[in-house]
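Atoms considered below: every heavy atom in the structure, side chains included; atoms not considered: hydrogens, waters and symmetry mates. Counting from 1, the numbers follow the sequence of the chain as shown.
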Amino acid sequence: YLLLSKKFLKAAGLAVGRKAAVCVRLDDPDAVELVPEFERALDAHPTASRVWRRLTPGARRGFAHRVASAKLAATRRGRIEE
């Protein structure tokens, strides 16, 4: 069985106890999503880009999360510069 929130069930038009077909797709475990500002910064700085490519996927995800979790653009820029 699969536990789903009430909000999800309502959006899917389902109720508790109802059966539903589910398809699961696994993402690339090494994939890292970057905010556009971070991508542009890496493109603009070859040395930073080389260092970025040498990091493990886990380290990249950590840095990407730190940047993306900033609520203010100024904070994101500061974290990218770090």
Side-chain angles (χ1 to χ4, degrees):
Y1 65 93
L2 183 64
L3 297 176
L4 303 170
S5 69
K6 289 180 183 179
K7 181 179 178 181
F8 184 90
L9 288 172
K10 184 176 180 180
L14 297 172
V16 174
R18 296 287 309 268
K19 290 185 180 183
V22 178
C23 295
V24 178
R25 179 182 50 86
L26 298 177
D27 283 340
D28 177 2
D30 294 340
V32 178
E33 291 186 35
L34 300 177
V35 293
E37 302 100 313
F38 201 171
E39 286 186 66
R40 287 191 297 272
L42 288 172
D43 289 343
H45 297 88
T47 302
S49 184
R50 278 193 302 278
V51 170
W52 177 259
R53 286 191 305 270
R54 282 186 257 165
L55 295 173
T56 65
R60 284 188 219 143
R61 274 190 297 277
F63 282 114
H65 175 72
R66 178 160 158 58
V67 171
S69 67
K71 293 180 180 154
L72 300 175
T75 306
R76 276 193 302 278
R77 282 192 301 272
R79 291 179 181 179
I80 289 168
E81 288 175 13
E82 286 176 6

Q) What is the distance from atom OG1 of Thr47 to atom CG of Leu42, rounded to the nearest 0.5 Å? A) 11.5 Å
Q: Please list all pairs passing the ring-ring contact (aromatic ring centres under 6.0 Å, His included) test where one or both residues lie in residues 17-48, with sequence neighbours left out.
A: Phe38-Trp52
**Q.** Where Asp30 and Pro57 come nearest, the two heavy atoms and their spacing
**A.** OD1-CG, 3.5 Å
Q: Report whether Val67 and Leu72 are members of the same hydrophobic cluster (ILVMFWY, side-chain heavy atoms less than 4.5 Å apart, transitive linking).
A: no
Q. According to the salt bridge (Lys or Arg N to Asp or Glu O under 4.0 Å) rule, which pairs have a member within residues 36-53, sequence neighbours left out?
A. Glu37-Arg76
Q: Return the minimal non-hydrogen interatomic distance between Arg79 and Arg66, and the atom names on each side.
A: NH1-O, 2.7 Å
Q.
Under the salt bridge (Lys or Arg N to Asp or Glu O under 4.0 Å) definition, can you give me all pairs with a residue in residues 3-25, not counting sequence neighbours?
A. Arg25-Asp27
Q: Treating Ile, Leu, Val, Met, Phe, Trp and Tyr as nodes and any side-chain heavy-atom pair under 4.5 angstrom as an edge, say whether Leu55 and Val32 lie in one connected cluster.
A: yes
Q) Linking I/L/V/M/F/W/Y whenever any side-chain heavy atoms sit under 4.5 Å apart, do Leu3 and Leu14 land together? A) no
